[in-house]
There are 2 protein chains.
Amino acid sequence: MSESKHFSELTPAAERLVDVAQGLIQRGGYNGFSYEDIARVVGIKKPSIHHHFPTKADLVTVVTQRYMHRFREALLRIEGQQARAPERLLAYAELFEQTYGAQRQLCLCGMLGAEADAVPAEVAQEVQQFFKTNLQWLTDVIEQGQRQNSLRKEVDARVHAQLLLCALEGAMVVGRAAGSAIHQGPQALGAALIHSLRA
Amino acid sequence: MSESKHFSELTPAAERLVDVAQGLIQRGGYNGFSYEDIARVVGIKKPSIHHHFPTKADLVTVVTQRYMHRFREALLRIEGQQARAPERLLAYAELFEQTYGAQRQLCLCGMLGAEADAVPAEVAQEVQQFFKTNLQWLTDVIEQGQRQNSLRKEVDARVHAQLLLCALEGAMVVGRAAGSAIHQGPQALGAALIHSLRA
DNA sequence: GTCTATATAAAGATAGAC
DNA sequence: GTCTATCTTTATATAGAC
(Lines give C-alpha, C1' and ligand atoms only; values in the text may rest on other atoms or scores of the structure.)
Protein backbone atom coordinates (compact mmCIF):
# COMPACT_ATOMS: atom_id res chain seq x y z
CA MET A 1 0.00 0.00 0.00
CA SER A 2 2.25 2.78 -1.29
CA GLU A 3 1.55 6.32 -0.17
CA SER A 4 0.13 8.21 -3.11
CA LYS A 5 -0.24 11.86 -3.92
CA HIS A 6 -3.40 13.75 -3.13
CA PHE A 7 -5.40 14.66 -6.22
CA SER A 8 -5.05 18.35 -5.42
CA GLU A 9 -1.27 18.17 -5.86
CA LEU A 10 -1.16 16.56 -9.27
CA THR A 11 1.10 18.00 -11.94
CA PRO A 12 -0.56 18.64 -15.31
CA ALA A 13 1.03 15.46 -16.67
CA ALA A 14 -0.29 13.38 -13.79
CA GLU A 15 -3.71 14.98 -14.07
CA ARG A 16 -3.87 13.98 -17.71
CA LEU A 17 -3.19 10.38 -16.72
CA VAL A 18 -5.97 10.50 -14.16
CA ASP A 19 -8.35 11.94 -16.75
CA VAL A 20 -7.62 9.19 -19.25
CA ALA A 21 -7.68 6.43 -16.64
CA GLN A 22 -11.07 7.59 -15.40
CA GLY A 23 -12.58 7.42 -18.87
CA LEU A 24 -11.10 4.00 -19.53
CA ILE A 25 -12.50 2.64 -16.27
CA GLN A 26 -15.92 4.10 -16.98
CA ARG A 27 -15.91 2.21 -20.27
CA GLY A 28 -14.21 -1.08 -19.49
CA GLY A 29 -13.74 -1.38 -15.76
CA TYR A 30 -10.68 -1.82 -13.55
CA ASN A 31 -9.57 -5.03 -15.18
CA GLY A 32 -10.50 -3.80 -18.63
CA PHE A 33 -7.65 -1.34 -19.09
CA SER A 34 -3.87 -1.34 -18.74
CA TYR A 35 -1.06 1.16 -18.41
CA GLU A 36 -0.40 0.44 -22.07
CA ASP A 37 -3.91 1.66 -22.95
CA ILE A 38 -3.30 4.92 -21.11
CA ALA A 39 0.11 5.34 -22.69
CA ARG A 40 -1.38 4.92 -26.17
CA VAL A 41 -4.03 7.58 -25.58
CA VAL A 42 -1.75 10.07 -23.85
CA GLY A 43 1.13 9.54 -26.24
CA ILE A 44 3.84 8.53 -23.81
CA LYS A 45 5.45 5.19 -22.95
CA LYS A 46 4.15 2.78 -20.38
CA PRO A 47 6.95 3.11 -17.79
CA SER A 48 6.50 6.88 -17.67
CA ILE A 49 3.20 6.32 -15.94
CA HIS A 50 4.86 4.46 -13.08
CA HIS A 51 6.84 7.63 -12.37
CA HIS A 52 3.55 9.34 -11.45
CA PHE A 53 1.67 6.37 -10.06
CA PRO A 54 3.88 3.47 -8.91
CA THR A 55 1.04 0.96 -9.01
CA LYS A 56 -2.29 0.64 -10.73
CA ALA A 57 -4.00 0.62 -7.35
CA ASP A 58 -2.38 3.99 -6.58
CA LEU A 59 -3.63 5.45 -9.81
CA VAL A 60 -7.18 4.20 -9.48
CA THR A 61 -7.35 5.27 -5.85
CA VAL A 62 -6.55 8.83 -6.89
CA VAL A 63 -9.05 8.62 -9.76
CA THR A 64 -11.74 7.53 -7.33
CA GLN A 65 -10.87 10.11 -4.67
CA ARG A 66 -11.02 12.91 -7.22
CA TYR A 67 -14.32 11.60 -8.61
CA MET A 68 -15.80 11.49 -5.14
CA HIS A 69 -14.58 15.00 -4.37
CA ARG A 70 -16.07 16.39 -7.56
CA PHE A 71 -19.33 14.66 -6.80
CA ARG A 72 -19.46 16.27 -3.37
CA GLU A 73 -18.84 19.64 -5.03
CA ALA A 74 -21.72 18.95 -7.38
CA LEU A 75 -24.01 18.15 -4.46
CA LEU A 76 -23.01 21.41 -2.77
CA ARG A 77 -23.70 23.26 -6.01
CA ILE A 78 -27.18 21.76 -6.14
CA GLU A 79 -27.84 22.85 -2.58
CA GLY A 80 -26.75 26.35 -3.55
CA GLN A 81 -28.88 26.50 -6.67
CA GLN A 82 -32.05 24.65 -5.73
CA ALA A 83 -34.04 25.33 -2.59
CA ARG A 84 -36.81 22.75 -2.92
CA ALA A 85 -36.41 18.99 -2.61
CA PRO A 86 -38.05 17.94 -5.91
CA GLU A 87 -35.79 20.27 -7.87
CA ARG A 88 -32.76 19.09 -5.96
CA LEU A 89 -33.57 15.50 -6.85
CA LEU A 90 -34.04 16.41 -10.50
CA ALA A 91 -30.71 18.21 -10.53
CA TYR A 92 -29.18 15.12 -8.94
CA ALA A 93 -30.53 12.92 -11.72
CA GLU A 94 -29.07 15.39 -14.20
CA LEU A 95 -25.58 14.60 -12.85
CA PHE A 96 -25.99 11.00 -13.95
CA GLU A 97 -27.42 12.05 -17.27
CA GLN A 98 -24.36 14.18 -17.95
CA THR A 99 -22.01 11.28 -17.22
CA TYR A 100 -23.98 8.85 -19.30
CA GLY A 101 -25.10 11.18 -22.05
CA ALA A 102 -21.79 12.08 -23.61
CA GLN A 103 -20.44 8.66 -24.52
CA ARG A 104 -22.54 6.13 -22.64
CA GLN A 105 -20.04 6.18 -19.83
CA LEU A 106 -20.91 4.49 -16.57
CA CYS A 107 -20.64 6.11 -13.18
CA LEU A 108 -17.06 5.39 -12.13
CA CYS A 109 -18.18 4.04 -8.79
CA GLY A 110 -21.00 2.04 -10.34
CA MET A 111 -18.46 0.25 -12.48
CA LEU A 112 -15.96 -0.26 -9.67
CA GLY A 113 -18.77 -1.30 -7.35
CA ALA A 114 -19.89 -4.02 -9.73
CA GLU A 115 -16.29 -5.26 -9.83
CA ALA A 116 -15.88 -4.84 -6.07
CA ASP A 117 -14.51 -8.35 -5.57
CA ALA A 118 -11.87 -7.83 -8.23
CA VAL A 119 -10.41 -4.45 -7.31
CA PRO A 120 -7.83 -3.49 -4.65
CA ALA A 121 -9.24 -3.02 -1.17
CA GLU A 122 -8.29 0.70 -1.06
CA VAL A 123 -10.39 1.30 -4.14
CA ALA A 124 -13.35 -0.69 -2.86
CA GLN A 125 -13.30 1.39 0.30
CA GLU A 126 -13.44 4.68 -1.59
CA VAL A 127 -16.33 3.32 -3.62
CA GLN A 128 -18.20 2.33 -0.49
CA GLN A 129 -17.80 5.85 0.85
CA PHE A 130 -19.18 7.24 -2.40
CA PHE A 131 -22.39 5.29 -2.03
CA LYS A 132 -22.79 6.00 1.66
CA THR A 133 -22.43 9.71 0.98
CA ASN A 134 -24.94 9.64 -1.84
CA LEU A 135 -27.50 7.66 0.13
CA GLN A 136 -27.21 9.99 3.10
CA TRP A 137 -27.55 13.08 0.94
CA LEU A 138 -30.61 11.71 -0.87
CA THR A 139 -32.23 10.63 2.38
CA ASP A 140 -31.70 14.09 3.86
CA VAL A 141 -33.15 15.80 0.80
CA ILE A 142 -36.21 13.56 0.77
CA GLU A 143 -36.83 14.09 4.49
CA GLN A 144 -36.48 17.82 3.97
CA GLY A 145 -39.05 17.65 1.18
CA GLN A 146 -41.41 15.75 3.45
CA ARG A 147 -41.08 18.37 6.17
CA GLN A 148 -41.67 21.15 3.65
CA ASN A 149 -44.66 19.37 2.16
CA SER A 150 -43.20 19.13 -1.34
CA LEU A 151 -42.80 15.33 -1.15
CA ARG A 152 -45.29 12.73 0.01
CA LYS A 153 -45.02 11.99 3.73
CA GLU A 154 -46.12 8.33 3.57
CA VAL A 155 -42.98 7.04 1.85
CA ASP A 156 -39.87 5.85 3.65
CA ALA A 157 -37.11 8.35 2.87
CA ARG A 158 -34.29 5.81 3.15
CA VAL A 159 -35.98 3.31 0.87
CA HIS A 160 -36.74 5.89 -1.77
CA ALA A 161 -33.25 7.34 -1.58
CA GLN A 162 -32.00 3.86 -2.45
CA LEU A 163 -34.62 3.46 -5.11
CA LEU A 164 -33.54 6.63 -6.88
CA LEU A 165 -29.82 5.91 -6.60
CA CYS A 166 -30.25 2.32 -7.77
CA ALA A 167 -32.49 3.33 -10.66
CA LEU A 168 -29.94 5.88 -11.85
CA GLU A 169 -27.00 3.51 -11.55
CA GLY A 170 -29.01 0.74 -13.16
CA ALA A 171 -30.14 3.00 -15.99
CA MET A 172 -26.54 3.44 -17.06
CA VAL A 173 -25.75 -0.28 -16.92
CA VAL A 174 -28.93 -1.38 -18.66
CA GLY A 175 -28.81 1.49 -21.13
CA ARG A 176 -25.40 0.66 -22.48
CA ALA A 177 -26.06 -3.06 -22.39
CA ALA A 178 -29.42 -2.88 -24.16
CA GLY A 179 -28.13 -0.50 -26.82
CA SER A 180 -30.78 1.19 -28.89
CA ALA A 181 -33.50 -0.90 -27.25
CA ILE A 182 -33.68 1.62 -24.45
CA HIS A 183 -34.68 5.19 -25.02
CA GLN A 184 -34.96 6.54 -21.50
CA GLY A 185 -31.72 7.80 -20.04
CA PRO A 186 -31.07 8.26 -16.30
CA GLN A 187 -32.68 11.70 -16.33
CA ALA A 188 -35.98 10.47 -17.77
CA LEU A 189 -36.19 7.51 -15.41
CA GLY A 190 -35.23 9.64 -12.45
CA ALA A 191 -37.87 12.20 -13.36
CA ALA A 192 -40.56 9.51 -13.51
CA LEU A 193 -39.58 8.28 -10.07
CA ILE A 194 -39.37 11.76 -8.58
CA HIS A 195 -42.77 12.58 -10.07
CA SER A 196 -44.33 9.74 -8.12
CA LEU A 197 -42.78 11.12 -4.94
CA ARG A 198 -44.31 14.58 -5.19
CA ALA A 199 -46.87 15.64 -2.64
CA MET B 1 -15.43 -16.93 -33.90
CA SER B 2 -15.22 -20.67 -33.28
CA GLU B 3 -18.39 -22.71 -33.36
CA SER B 4 -19.28 -23.71 -29.86
CA LYS B 5 -21.49 -26.36 -28.37
CA HIS B 6 -25.06 -25.60 -27.40
CA PHE B 7 -25.60 -25.53 -23.65
CA SER B 8 -28.08 -28.38 -23.90
CA GLU B 9 -25.36 -30.74 -25.14
CA LEU B 10 -22.82 -30.18 -22.41
CA THR B 11 -21.17 -33.14 -20.77
CA PRO B 12 -21.19 -33.13 -16.96
CA ALA B 13 -17.56 -32.00 -16.97
CA ALA B 14 -18.31 -29.11 -19.31
CA GLU B 15 -21.39 -28.16 -17.33
CA ARG B 16 -19.30 -27.92 -14.19
CA LEU B 17 -16.98 -25.50 -15.95
CA VAL B 18 -19.93 -23.38 -17.03
CA ASP B 19 -21.25 -23.36 -13.46
CA VAL B 20 -17.98 -22.17 -12.02
CA ALA B 21 -17.35 -19.64 -14.77
CA GLN B 22 -20.79 -18.14 -14.23
CA GLY B 23 -20.17 -17.62 -10.54
CA LEU B 24 -16.75 -16.11 -11.14
CA ILE B 25 -18.15 -13.65 -13.68
CA GLN B 26 -20.96 -12.67 -11.33
CA ARG B 27 -18.36 -11.80 -8.73
CA GLY B 28 -15.49 -10.31 -10.70
CA GLY B 29 -16.60 -9.75 -14.26
CA TYR B 30 -15.30 -11.01 -17.60
CA ASN B 31 -11.84 -9.58 -17.16
CA GLY B 32 -11.74 -10.49 -13.50
CA PHE B 33 -11.29 -14.23 -13.89
CA SER B 34 -9.03 -16.61 -15.81
CA TYR B 35 -8.99 -20.25 -16.86
CA GLU B 36 -6.56 -20.73 -14.02
CA ASP B 37 -9.21 -19.55 -11.54
CA ILE B 38 -11.68 -22.06 -12.90
CA ALA B 39 -9.10 -24.83 -12.87
CA ARG B 40 -8.32 -24.16 -9.22
CA VAL B 41 -11.96 -24.34 -8.18
CA VAL B 42 -12.84 -27.38 -10.28
CA GLY B 43 -9.64 -29.23 -9.45
CA ILE B 44 -8.28 -29.83 -12.94
CA LYS B 45 -5.48 -28.24 -14.93
CA LYS B 46 -5.86 -25.17 -17.05
CA PRO B 47 -5.38 -26.74 -20.49
CA SER B 48 -8.14 -29.26 -19.81
CA ILE B 49 -10.62 -26.43 -20.02
CA HIS B 50 -9.59 -25.65 -23.58
CA HIS B 51 -10.67 -29.15 -24.53
CA HIS B 52 -14.26 -28.18 -23.68
CA PHE B 53 -14.15 -24.50 -24.62
CA PRO B 54 -11.37 -23.55 -27.05
CA THR B 55 -11.53 -19.86 -26.16
CA LYS B 56 -12.71 -17.76 -23.27
CA ALA B 57 -15.24 -16.09 -25.57
CA ASP B 58 -16.69 -19.53 -26.38
CA LEU B 59 -17.05 -20.36 -22.72
CA VAL B 60 -18.65 -17.08 -21.72
CA THR B 61 -21.00 -17.18 -24.69
CA VAL B 62 -22.32 -20.53 -23.51
CA VAL B 63 -22.55 -19.25 -19.93
CA THR B 64 -24.62 -16.31 -21.13
CA GLN B 65 -26.85 -18.34 -23.43
CA ARG B 66 -27.65 -20.77 -20.63
CA TYR B 67 -28.31 -17.92 -18.20
CA MET B 68 -30.67 -16.32 -20.68
CA HIS B 69 -32.48 -19.59 -21.30
CA ARG B 70 -32.96 -20.22 -17.60
CA PHE B 71 -34.26 -16.71 -17.15
CA ARG B 72 -36.84 -17.27 -19.89
CA GLU B 73 -37.88 -20.46 -18.12
CA ALA B 74 -38.29 -18.51 -14.90
CA LEU B 75 -40.49 -15.95 -16.66
CA LEU B 76 -42.64 -18.75 -18.04
CA ARG B 77 -42.88 -20.25 -14.56
CA ILE B 78 -44.09 -16.93 -13.19
CA GLU B 79 -46.74 -16.73 -15.89
CA GLY B 80 -47.86 -20.22 -14.93
CA GLN B 81 -47.99 -19.49 -11.21
CA GLN B 82 -49.23 -15.91 -10.98
CA ALA B 83 -52.27 -14.64 -12.81
CA ARG B 84 -52.26 -11.00 -11.76
CA ALA B 85 -49.75 -8.37 -12.83
CA PRO B 86 -48.70 -7.09 -9.36
CA GLU B 87 -47.90 -10.61 -8.19
CA ARG B 88 -46.02 -11.32 -11.41
CA LEU B 89 -43.87 -8.27 -10.86
CA LEU B 90 -43.19 -9.25 -7.27
CA ALA B 91 -42.19 -12.74 -8.37
CA TYR B 92 -39.93 -11.14 -10.95
CA ALA B 93 -38.19 -9.07 -8.28
CA GLU B 94 -37.78 -12.28 -6.30
CA LEU B 95 -35.62 -13.69 -9.11
CA PHE B 96 -33.12 -10.91 -8.56
CA GLU B 97 -33.26 -11.34 -4.82
CA GLN B 98 -32.37 -15.01 -5.19
CA THR B 99 -29.35 -14.21 -7.33
CA TYR B 100 -28.16 -11.46 -5.03
CA GLY B 101 -29.17 -12.96 -1.72
CA ALA B 102 -26.98 -16.02 -1.60
CA GLN B 103 -23.54 -14.47 -1.95
CA ARG B 104 -24.08 -10.92 -3.13
CA GLN B 105 -23.71 -12.09 -6.69
CA LEU B 106 -24.58 -9.71 -9.50
CA CYS B 107 -26.89 -10.53 -12.34
CA LEU B 108 -24.60 -12.11 -14.94
CA CYS B 109 -25.89 -9.81 -17.66
CA GLY B 110 -25.76 -6.77 -15.42
CA MET B 111 -22.07 -7.40 -14.89
CA LEU B 112 -21.34 -8.15 -18.53
CA GLY B 113 -23.48 -5.19 -19.57
CA ALA B 114 -21.43 -2.83 -17.43
CA GLU B 115 -18.30 -4.21 -19.08
CA ALA B 116 -19.92 -4.16 -22.53
CA ASP B 117 -17.00 -2.32 -24.15
CA ALA B 118 -14.51 -4.84 -22.81
CA VAL B 119 -16.14 -8.16 -23.70
CA PRO B 120 -16.23 -10.10 -27.00
CA ALA B 121 -18.93 -8.98 -29.42
CA GLU B 122 -20.75 -12.34 -29.31
CA VAL B 123 -21.16 -11.97 -25.56
CA ALA B 124 -22.32 -8.35 -25.78
CA GLN B 125 -24.96 -9.42 -28.25
CA GLU B 126 -26.35 -12.11 -25.95
CA VAL B 127 -26.46 -9.59 -23.14
CA GLN B 128 -28.36 -7.13 -25.29
CA GLN B 129 -30.93 -9.80 -26.06
CA PHE B 130 -31.31 -10.50 -22.35
CA PHE B 131 -32.28 -6.92 -21.62
CA LYS B 132 -34.56 -6.59 -24.62
CA THR B 133 -36.41 -9.72 -23.55
CA ASN B 134 -36.78 -8.54 -19.98
CA LEU B 135 -37.99 -5.07 -20.96
CA GLN B 136 -40.55 -6.50 -23.33
CA TRP B 137 -41.82 -8.97 -20.76
CA LEU B 138 -42.14 -6.31 -18.06
CA THR B 139 -43.87 -3.91 -20.43
CA ASP B 140 -46.37 -6.60 -21.40
CA VAL B 141 -47.08 -7.47 -17.77
CA ILE B 142 -47.59 -3.84 -16.81
CA GLU B 143 -49.92 -3.22 -19.75
CA GLN B 144 -51.87 -6.33 -18.82
CA GLY B 145 -52.20 -5.03 -15.27
CA GLN B 146 -53.47 -1.72 -16.57
CA ARG B 147 -56.10 -3.44 -18.71
CA GLN B 148 -57.15 -5.56 -15.76
CA ASN B 149 -57.27 -2.57 -13.45
CA SER B 150 -54.72 -3.91 -11.02
CA LEU B 151 -52.11 -1.28 -11.99
CA ARG B 152 -52.53 2.47 -12.39
CA LYS B 153 -53.48 3.46 -15.92
CA GLU B 154 -51.80 6.89 -15.92
CA VAL B 155 -48.24 5.56 -15.95
CA ASP B 156 -46.25 4.77 -19.07
CA ALA B 157 -45.74 1.00 -19.14
CA ARG B 158 -42.42 1.16 -21.04
CA VAL B 159 -40.94 3.74 -18.71
CA HIS B 160 -41.95 1.82 -15.61
CA ALA B 161 -40.70 -1.46 -17.03
CA GLN B 162 -37.31 0.21 -17.38
CA LEU B 163 -37.60 1.74 -13.97
CA LEU B 164 -38.18 -1.62 -12.32
CA LEU B 165 -35.47 -3.41 -14.29
CA CYS B 166 -32.94 -0.64 -13.66
CA ALA B 167 -33.77 -0.44 -9.97
CA LEU B 168 -33.27 -4.20 -9.58
CA GLU B 169 -30.00 -4.25 -11.51
CA GLY B 170 -28.84 -1.15 -9.68
CA ALA B 171 -29.77 -2.59 -6.31
CA MET B 172 -27.29 -5.40 -6.82
CA VAL B 173 -24.48 -3.09 -7.90
CA VAL B 174 -25.08 -0.54 -5.17
CA GLY B 175 -25.78 -3.17 -2.56
CA ARG B 176 -22.48 -4.96 -2.96
CA ALA B 177 -20.56 -1.71 -3.37
CA ALA B 178 -22.07 -0.01 -0.33
CA GLY B 179 -21.62 -3.04 1.88
CA SER B 180 -23.51 -2.98 5.15
CA ALA B 181 -24.62 0.61 4.50
CA ILE B 182 -27.53 -0.72 2.49
CA HIS B 183 -30.21 -2.84 4.03
CA GLN B 184 -32.76 -3.10 1.25
CA GLY B 185 -32.12 -5.89 -1.22
CA PRO B 186 -33.59 -6.00 -4.73
CA GLN B 187 -36.82 -7.56 -3.44
CA ALA B 188 -37.52 -4.77 -0.96
CA LEU B 189 -36.77 -2.02 -3.45
CA GLY B 190 -38.79 -3.73 -6.15
CA ALA B 191 -41.72 -4.13 -3.77
CA ALA B 192 -41.65 -0.42 -2.94
CA LEU B 193 -41.72 0.45 -6.62
CA ILE B 194 -44.45 -2.04 -7.44
CA HIS B 195 -46.51 -0.74 -4.54
CA SER B 196 -46.55 2.72 -6.07
CA LEU B 197 -47.80 1.22 -9.33
CA ARG B 198 -50.86 -0.45 -7.86
CA ALA B 199 -54.28 0.84 -8.86
C1' DG C 1 -11.18 -36.13 -20.64
C1' DT C 2 -7.07 -34.95 -18.52
C1' DC C 3 -2.29 -34.44 -18.27
C1' DT C 4 2.71 -32.22 -19.14
C1' DA C 5 5.21 -29.23 -21.76
C1' DT C 6 5.48 -25.30 -24.38
C1' DA C 7 4.48 -21.05 -27.01
C1' DT C 8 3.16 -16.15 -27.23
C1' DA C 9 1.75 -12.17 -25.77
C1' DA C 10 0.28 -8.94 -22.41
C1' DA C 11 0.30 -6.85 -17.83
C1' DG C 12 2.48 -4.78 -13.99
C1' DA C 13 6.59 -3.15 -12.45
C1' DT C 14 11.89 -1.75 -11.88
C1' DA C 15 16.62 0.18 -13.19
C1' DG C 16 19.07 3.48 -14.92
C1' DA C 17 20.20 6.80 -18.86
C1' DC C 18 18.91 11.39 -20.78
C1' DG D 1 9.33 13.85 -16.82
C1' DT D 2 10.26 10.63 -20.26
C1' DC D 3 12.88 7.25 -22.42
C1' DT D 4 14.98 2.23 -23.47
C1' DA D 5 15.81 -2.05 -21.69
C1' DT D 6 14.62 -5.63 -18.82
C1' DC D 7 12.25 -8.64 -15.44
C1' DT D 8 8.42 -11.41 -13.60
C1' DT D 9 4.15 -13.14 -13.63
C1' DT D 10 -0.10 -14.14 -15.60
C1' DA D 11 -3.37 -15.09 -19.37
C1' DT D 12 -4.68 -17.36 -23.35
C1' DA D 13 -3.82 -20.93 -26.19
C1' DT D 14 -1.62 -25.19 -28.71
C1' DA D 15 0.70 -29.88 -29.26
C1' DG D 16 0.86 -34.24 -28.21
C1' DA D 17 1.14 -38.12 -24.69
C1' DC D 18 -1.77 -41.10 -21.57
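Every chain is numbered from 1 and lettered A, B, ... according to where its sequence line falls, protein lines coming before strand lines. All values below were derived from every heavy atom in this structure, side-chain atoms included, with hydrogens, water molecules and symmetry-related copies excluded.
Environment of CD in Glu15(B): crowded, with over 12 heavy atoms of neighbouring residues, nucleotides or ligands closer than 6.0 Å.
Axis angle between the ends of the helix from dG1(C)-dC18(D) to dC18(C)-dG1(D), five pairs each and rounded to 10 degrees, works out to 10°.
For Gln148(B), the side-chain hydrogen bond (donor to acceptor under 3.5 Å, both in side chains) test picks out Gln144(B), with sequence neighbours left out.
Taking the centre and axis of the six-membered ring of Phe53(B), the NZ or CZ atom of Lys5(B) falls outside the cone set by 45° and 6.0 Å.
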Apply the test salt bridge (Lys or Arg N to Asp or Glu O under 4.0 Å) to residues Arg176(B) and Asp117(A): give CA-CA distance (whole Å), side-chain angles for both, the deciding distance (0.1 Å), then the verdict. CA-CA 9 Å; Arg176(B) 78 171 350 203; Asp117(A) 284 6; 3.6 Å; yes
Go through it in stages, so that I can follow the logic: the residues are Arg16(A) and Asp19(A), the test is salt bridge (Lys or Arg N to Asp or Glu O under 4.0 Å), and I'd like the CA-CA distance, side-chain angles, deciding distance and then a yes or no. CA-CA 5 Å; Arg16(A) 174 96 180 99; Asp19(A) 290 340; 5.2 Å; no
One pair to check against side chain to side chain contact (heavy atoms under 4.5 Å, CB included): His160(A) and Leu163(A). What are the steps and the verdict? CA-CA 5 Å; His160(A) 284 261; Leu163(A) 208 41; 3.9 Å; yes
For nucleotides 10-14 of chain C, list the nitrogen or oxygen atoms of the protein found under 3.5 Å from its nitrogen or oxygen atoms, one pair per line.
| from | atom 1 | to | atom 2 | distance (Å) |
| --- | --- | --- | --- | --- |
| dA11(C) | OP1 | Ser34(A) | OG | 3.4 |
| dG12(C) | OP1 | Lys56(A) | NZ | 2.8 |
| dG12(C) | N7 | Lys46(A) | NZ | 3.3 |
| dA13(C) | OP2 | Lys56(A) | N | 2.9 |
| dA13(C) | N7 | His50(A) | NE2 | 3.2 |

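Between the C1' atom of dA15(C) and the NZ atom of Lys45(A) lies a distance of 18 Å, rounded to the nearest Å. Between His51(A) atom NE2 and dA5(D) atom P there is a gap of 20 Å when expressed in whole angstrom units. The CD1 atom of Ile44(A) sits 12 Å away from the P atom of dT4(D) (whole-angstrom rounding).
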For residues 74-84 of chain B, run the donor-acceptor check on the side chains, cut-off 3.5 Å, and write out each pair with its distance to 0.1 Å, sequence neighbours left out.
| from | atom 1 | to | atom 2 | distance (Å) |
| --- | --- | --- | --- | --- |
| Glu79(B) | OE2 | Trp137(B) | NE1 | 2.6 |
| Arg84(B) | NE | Glu87(B) | OE1 | 3.2 |

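Residue Ser48(A) places no side-chain N or O under 4.0 Å from the OP1 or OP2 atom of dG1(D).
Taken residue by residue, residues 14-27 of chain A places no heavy atom nearer than 4.0 Å to DNA chain C.
Applying the side chain to side chain donor-acceptor pair (under 3.5 Å) test to residues at least two apart or on different chains, none of the pairs has a partner in residues 187-197 of chain A.
Between the side chains of Gln65(A) and His69(A), no donor N or O sits under 3.5 Å from an acceptor N or O.
Screening His52(A), His50(A), His51(A) against Tyr35(A) for a ring pair (Phe, Tyr, Trp, His ring centres under 6.0 Å) leaves a single residue, His50(A).
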